[in-house]
Engineer: 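One structure is given below, represented as structure tokens, and several questions about it will come after.
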Amino acid sequence: MSIELTLPDEQVLKLESPLTVADAVGAIGEGLRRRAIAARLDGKLMDLHTALTENGRFEVLTDRDEDSLAVLRHSTAHLMAWAVKELFPGARFAFGPDVENGFYYDILADAPFTPDDLTTIEQKMKELARTKVPFTKRSMGRDEAVALFSEQGQNFKAEHIGDLPEDEEIFLYNVGEFTDLCGGPHVQNTSIIKAFKLMSVAGAYWKGDEKREQLQRIYGTSWFKAKDLTAHLEMLAEAEKRDHRKLGQKLELFGIKEEAGSGLVFWYPKGAVLREQVENHWKAEHRKRDYQLVVSPHIFRGELWQTSGHLDYYADDMYTFEQDDQLYVVKPMNCPGHILIFQSDLKSYRDLPLRYAELGTVYRYERSGTLHGLLRVRGFTQDDAHIFCTPDQLVDEVEKLITFSKELQETFGFVEFKAELSVRDSQNTDKYIGSDEEWAEAEQALRVALDRVGLEVERMEGEAVFYGPKIDIKLKDALGRLWQTTTIQFDFNLGRRFNVQYVDADGQHKHPYIIHRALLGSIERFIAILTENFAGEFPLWLAPVQVAILPVSAPYRDYGQKVYETLRNAGIRVELNERDEKVGAKIRNAELQKIPYMLVVGSREMEESSISVRSHKNGDEGSSPIDDFVKRVLDEIAAKS
RNA sequence: GCCGACGUAGCUCAGAGGUAGAGCAGCUGAUUCGUAAUCAGCAGGUCCGCGGUUCGAAUCCGCGCGUCGGCUCCA
């Protein structure tokens with residue numbers, strides 16, 4: 001029998017079976033055979049020793065393909081499991097997949113792994129890898145496989161076989177003494193696994209269920225080349241340097257105080273300036289787009305949260321207290337407030353679309369283990385808005401929102417975005433509020449709007465919240481990391497619960513569509529993202545201190561004071577360093593604080609009524625008349641660049 | 001919330017049953033200096049909190065709080 005393989009260049013390769021994938025790769029070229037990691041037949045990944053039995057589009061993966069990395073990492077996970085089995089014979093293995101940048105394996109061990117254990121395991125892996133042991137695959141009957149794993153005490157594997165679809169073939173992979181339930185593919189042998197490192201160990205639940213066993217998850221990273229591993233570790237070191245929690249401390253931006261409670265942020269003067277700039281810009285941009293800014297109280301009576309449904313769903317996650325036998329709730333959302341404002345008078349279709357925006361500070365009791373710097377807190381300020389509109393205004397409004405989101409974030413220097421469209425789980429529509437028509441219409445509106453803006457979008461089946469479909473937009477930062485900021489959510493629930501209405505042209509009372517949205521997400525979170533993106537080197541318009549004036553020595557302080565006043569009166573955020581230090585030390589301090597401009601003033605400058613400019617970006621830039629410098633700075637601030 | 005690690009001066013960290021240490025920052029004084037750290041002195045601590053073991057606990061044990069890495073969760 002012959003097999004026809006269509007190669008990426010459309011060439012058709014005819015081969016006689018029986019043959020393996022490796023044979024086919026060898027037929028294309030011997031050099032390729034040596035470099036091949038795996039192959040793809042009609043999009044399906046297979047390893048090299050698999051028998052080829054069907055025709056199809058055939059693609060060879062070498063160590064240059066992204067997908068090969070996944071294969072390598074998955075194989076590294078197996079190698080690690082083997083090493084663990086050697087060192088800890090009682091270990092029971094759960095899942096061990098590849099993940100972004102690496103892999104993990106969930107293991108139930110007699111005792112938790114220590115950092116020393118990781119070192120030992122890593123050494124063992126290196127030792128085992130050098131023996132150049134092959135990965136081999138075989139098929140096995142279900143009952144036989146369950147019996148095999150049960151007999152070995154591998155109850156997680158045995159359990160998982162029972163969870164696999166009836167018609168799925170069961171495969172086992174062997175590497176050395178380790179046998180795993182696994183579909184593959186894997187690298188040919190362990191000699192390819194060279195550049196890896198075990199990173200950390202953490203708890204993880206079996207099958208992600210917090211009611212099930214908690215396992216030890218060992219994370220590792222793996223690469224084809226040592227220099228890729230080094231580059232990855234350097235990237236992690238760079239990310240650590242940019243950690244907003246560290247920079248927040250060093251640059252005196254904010255702090256979280258144990259004595260005040262976790263997840264609650266104190267904004268120091270410099271951080272408060274950052275916030276102020278972000279918020280001012282945000283407000284101005286909303287006014288430009290016909291939003292009305294509103295302010296709602298921080299606490300509402302409990303009944304309101306009964307009406308909204310939050311008290312039923314989230315009672316344990318809300319801060320509540322009683323006063324005069326009356327339950328009050330510290331608001332975890334702004335929506336009910338905006339609805340009350342909407343209902344303050346009878347609304348006409350002529351009033352729509354109506355856009356209420358508020359930088360609304362909300363409080364939610366987040367579980368202690370989830371808190372993380374400014375990224376996950378218990379008190380935060382949503383850049384919230386609610387849009388009330390008619391059905392035929394829907395698409396336009398959503399399109400405006402997406403465009404607004406992009407424009408707003410672009411000002412902060414972000415240029416790349418990814419969108420996710422979350423829709424309901426079509427298998428399980430009962431748990432969602434709203435009719436099929438509403439869901440269809442809303443999803444259509446979101447989709448059309450996304451198309452119009454031309455944003456890349458991924459459909460997320462079953463990821464919608466119970467009350468409506470949503471679009472989430474993620475930005476990509478300077479290190480290529482994605483951060484979710486914008487969320488645009490339909491709400492079929494609150495309008496009904498509060499009976500929100502407007503009078504249409506035909507005199508009928510109707511429910512408006514309600515869209516809930518945040519563009520930056522929360523101010524706290526967004527400032528964390530900004531801090532990490534810029535590594536604390538904020539653009540001039542955001543910089544807490546824009547200019548530092550550094551007199552060379554005491555006799556020039558008065559002149560420095562004059563320059564200070566000129567800049568301050570021009571609206572520039574400026575600091576005068578009057579300390580009794582050498583100018584080198586003053587520069588060092590200003591550089592460490594990442595202040596964009598430093599002005600050195602001494603005798604020369606005093607005589608010429610000038611200043612010497614040093615920028616954080618370029619270093620010494622030479623002298624300049626004061627007025628020229630003021631203009632330059634004001635222009636740069638205005639450009640928000 | 002769960003698993004693990006950690007918590008010492010404002011910050012970064014050393015110390016490990018027997019009087020609590022360094023650097024930076026702070027204060028005082030000297031110095032008056034030209035593009036990333038001038039010198040000297042002084043001060044600074046419930047060693048996260050509460051219990052326990054011990055003649056004696058920052059150190060060992062228990063509980064609590066907090067931080068970190070994950071898991072789970074995220075209206």
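The basis for the numbers below is simple: all heavy atoms, side chains too, and nothing from hydrogens, waters or symmetry mates. The chains referred to below are lettered A, B, ... by the order of the sequence lines, with proteins before strands, and numbering in each begins at 1.
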Engineer: Just how far, in rounded Å, is C1' of B:C68 from CE of A:M199?
Structural biologist: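 Rounded to whole Å, this separation is 15 Å.
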Engineer: Could you tell me if A:D312 and A:Q306 have a donor-acceptor pair between their side chains, going purely by distance under 3.5 Å?
Structural biologist: yes
Engineer: With both distances under 3.5 angstrom, what nucleotide forms a Watson-Crick or G-U wobble pair with B:A30?
Structural biologist: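 B:A30 is paired, partner B:U38.
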Engineer: Nearest-Å distance, CG (A:N577) to P (B:A36)?
Structural biologist: 15 Å
Engineer: For the pair A:Q154 (side chain) and A:A91 (backbone), establish whether a donor and an acceptor sit closer than 3.5 Å, ignoring hydrogens and angles.
Structural biologist: yes
Engineer: How far apart are the C-alpha atoms of A:E238 and A:K241, what are their side-chain angles, what is the distance that settles it, and do they pass the salt bridge (charged side-chain N to carboxylate O under 4.0 Å, His left out) test?
Structural biologist: CA-CA 5 Å; A:E238 175 62 27; A:K241 263 192 272 170; 3.4 Å; yes
Engineer: Between A:H232 and A:W223, what is the ring plane arrangement, given parallel below 30°, perpendicular above 60°, and tilted in between?
Structural biologist: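 Judged by the thresholds at 30° and 60°, the geometry between A:H232 and A:W223 is tilted.
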Engineer: Using the P atoms only, state how far B:G69 lies from B:C27, rounded to an integer number of Å.
Structural biologist: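 Pairwise P distance, B:C27 against B:G69, rounds to 34 Å.
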Engineer: Roughly how far apart, to the nearest Å, are B:U53 and B:C61 at atom C1'?
Structural biologist: 7 Å
Engineer: I want to check one thing: is the phosphate of B:C3, taken as OP1 and OP2, less than 4.0 Å away from some side-chain N or O of A:R212?
Structural biologist: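 So the side chain of A:R212 is outside the cut-off, no N or O lying under 4.0 Å from OP1 or OP2 of B:C3.
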Engineer: Which value, in whole Å, describes the distance between the C1' atoms of nucleotides B:A58 and B:C2?
Structural biologist: 29 Å
Engineer: Between the side chains of A:Q409 and A:T486, does any donor sit under 3.5 Å from an acceptor?
Structural biologist: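 Side chains of A:Q409 and A:T486: pair found under 3.5 Å.
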Engineer: Taking the six-membered ring of A:Y205 as reference, does the NZ or CZ atom of A:R212 fall below 6.0 Å from its centre and within a 45° cone about the axis?
Structural biologist: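 Here A:R212 fails the 6.0 Å and 45° test against A:Y205.
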Engineer: Do you know which of A:T381, A:I527, A:I256, A:L253 makes side-chain contact (heavy atoms from CB on, under 4.5 Å) with A:V265?
Structural biologist: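 The side-chain contact (heavy atoms from CB on, under 4.5 Å) with A:V265 is passed solely by A:I256 among A:T381, A:I527, A:I256, A:L253.
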Engineer: What is the nucleic acid contact for A:S308, judged by heavy atoms within less than 4.0 Å: base, sugar-phosphate only, or nothing?
Structural biologist: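 The residue A:S308 makes no contact with any strand.
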Engineer: Quick one: what's the B/S/- string for nucleotides 69-75 of chain B, heavy-atom cutoff under 4.0 Å, read 5' to 3'?
Structural biologist: BBBBBBB
Engineer: Walk me through it: do A:E621 and A:R614 pass the test salt bridge (charged side-chain N to carboxylate O under 4.0 Å, His left out)?
Structural biologist: CA-CA 5 Å; A:E621 295 186 3; A:R614 178 187 168 97; over 6 Å; no
Engineer: Would you call the rings of A:F388 and A:H386 parallel, tilted or perpendicular, where under 30° means parallel and over 60° means perpendicular?
Structural biologist: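 Ring orientation of A:F388 relative to A:H386: tilted.
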Engineer: Students often get this wrong, so: under 4.0 angstrom with heavy atoms, is A:R557 touching a base, only sugar-phosphate, or nothing?
Structural biologist: nothing
Engineer: So, A:Y363 and A:D317: side-chain donor and acceptor under 3.5 Å apart, yes or no?
Structural biologist: no
Engineer: Can you measure A:K211 atom NZ to B:G1 atom C1' for me and round it to whole angstrom units?
Structural biologist: 12 Å
Engineer: Going by the ring-ring contact (aromatic ring centres under 6.0 Å, His included) test, name the single residue among A:Y467, A:Y432, A:W439 that passes it with A:F492.
Structural biologist: A:W439
Engineer: Which value, in whole Å, describes the distance between the P atoms of nucleotides B:C60 and B:C71?
Structural biologist: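 The same atom, P, in both gives a distance of 31 Å.
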Engineer: Out of A:E159, A:E213, A:H160, which one pairs with A:K207 under the side-chain hydrogen bond (donor to acceptor under 3.5 Å, both in side chains) rule?
Structural biologist: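 The passing option is A:H160.
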Engineer: Determine which nucleotide pairs with B:A25, using a 3.5 Å limit on both distances of a Watson-Crick or G-U wobble pair.
Structural biologist: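 Pairing partner: none.
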Engineer: Under the salt bridge (charged side-chain N to carboxylate O under 4.0 Å, His left out) rule, what do A:K246 and A:E240 come out as? Steps first, then yes or no, please.
Structural biologist: CA-CA 9 Å; A:K246 285 189 182 167; A:E240 205 180 312; 3.3 Å; yes
Engineer: Can you work out whether A:Y556 or A:G373 has the more 5'-proximal nearest nucleotide on RNA chain B?
Structural biologist: A:Y556
Engineer: Taking atom C1' of B:C3 as reference, at what distance in whole Å does atom CD1 of A:I218 sit?
Structural biologist: 13 Å
Engineer: Using atom P of each nucleotide, how far apart are B:C68 and B:G62 to the nearest Å?
Structural biologist: 24 Å
Engineer: Separation of A:H244 atom NE2 from B:U67 atom P, in whole Å?
Structural biologist: 12 Å
Engineer: Roughly how many Å apart are B:U59 and B:G17, using the C1' atom of each and rounding to a whole number?
Structural biologist: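 The same atom, C1', in both gives a distance of 6 Å.
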Engineer: If I take atom CD in residue A:E581 and atom C1' in nucleotide B:G26, what distance separates them, rounded to the nearest angstrom?
Structural biologist: 12 Å
Engineer: For the residue pair A:W305 and A:H310, does the interplanar ring angle fall in the parallel (under 30°), tilted (30 to 60°) or perpendicular (over 60°) class?
Structural biologist: perpendicular
Engineer: For RNA chain B, which residues in residues 295-303 of chain A have a heavy atom at a distance below 4.0 Å?
Structural biologist: none
Engineer: For A:K270, does the NZ atom sit with more than 12 other heavy atoms under 6.0 Å from it, leaving out its own atoms?
Structural biologist: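 It does: A:K270 NZ has more than 12 such atoms within range.
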Engineer: Of A:A585 and A:V601, whose nearest nucleotide on RNA chain B comes first from the 5' end?
Structural biologist: A:V601
Engineer: Among B:A37, B:G26, B:C33, which nucleotide sits nearest the side chain of A:R588?
Structural biologist: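 For A:R588, the side-chain atoms sit closest to B:A37.
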Engineer: Could you list the protein-to-nucleotides 64-66 of chain B atom pairs, N/O on both sides, closer than 3.5 Å?
Structural biologist:
unit_1 : atom_1 : unit_2 : atom_2 : d
B:G66  : OP1    : A:S262 : OG     : 3.4
B:G66  : O4'    : A:E258 : OE2    : 3.4

Engineer: Reckon A:Q382 touches a base, only the sugar-phosphate, or nothing at all at heavy-atom distances under 4.0 Å?
Structural biologist: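 It contacts nothing in the nucleic acid.
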Engineer: Would you measure the distance from the C1' atom in B:C47 across to the matching atom in B:A22 and give it in whole Å?
Structural biologist: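 Taking atom C1' in both B:C47 and B:A22, they lie 15 Å apart.
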Engineer: Please report the distance separating the C1' of B:A57 from the corresponding atom of B:G18, rounded so that it comes out in whole Å.
Structural biologist: 10 Å
Engineer: Could you tell me whether the side chain of A:T429 and the main chain of A:D425 form a donor-acceptor pair under 3.5 Å?
Structural biologist: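 The answer is no, because no donor-acceptor pair under 3.5 Å joins these two groups.
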Engineer: Tabulate protein N/O versus nucleotide N/O from nucleotides 10-15 of chain B, keeping only pairs under 3.5 Å, one per line.
Structural biologist:
unit_1 : atom_1 : unit_2 : atom_2 : d
B:C11  : O3'    : A:Q249 : NE2    : 3.3

Engineer: Of all residues at least two apart in sequence or in a different chain, which pass the side-chain hydrogen bond (donor to acceptor under 3.5 Å, both in side chains) check with A:Q214?
Structural biologist: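 Listed in chain order: nothing, the list is empty.
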Engineer: Which label fits A:Y328 and A:F321: parallel for a plane angle under 30°, tilted from 30 to 60°, or perpendicular past 60°?
Structural biologist: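 It falls in the parallel class, under 30°.
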Engineer: Which nucleotide, if any, forms a Watson-Crick or G-U wobble pair with B:G66, using both distances under 3.5 Å?
Structural biologist: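 Across any shown strand, B:G66 pairs with B:C6.
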Engineer: Counting any heavy atom closer than 4.0 Å, what does A:V600 reach on the DNA or RNA strands: base, sugar-phosphate only, or nothing?
Structural biologist: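 Since a base atom lies under 4.0 Å of A:V600, the category is base.
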Engineer: When you measure from the side chain of A:E636 to the backbone N and O of A:P539, does any donor-acceptor pair fall under 3.5 Å?
Structural biologist: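 Side chain of A:E636 to backbone of A:P539, a donor-acceptor pair under 3.5 Å: no, none is there.
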Engineer: Please state how far atom NZ in A:K586 lies from atom P in B:U32, giving the value in whole angstrom units.
Structural biologist: 14 Å
Engineer: Without decimals, in angstroms, what is the distance between A:E591 CD and B:U35 C1'?
Structural biologist: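 A:E591 atom CD is separated from B:U35 atom C1' by 9 Å.
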Engineer: Scan residues 88-125 of chain A against RNA chain B and write down, sorted by residue number, each residue with any heavy atom closer than 4.0 Å; if none is found, say none.
Structural biologist: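 Residues of residues 88-125 of chain A that come under 4.0 Å of RNA chain B are, in numerical order, A:P112.
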Engineer: Quick check for you: among B:U32, B:A36, B:G26, whose closest atom lies nearest to any side-chain atom of A:P555?
Structural biologist: B:U32
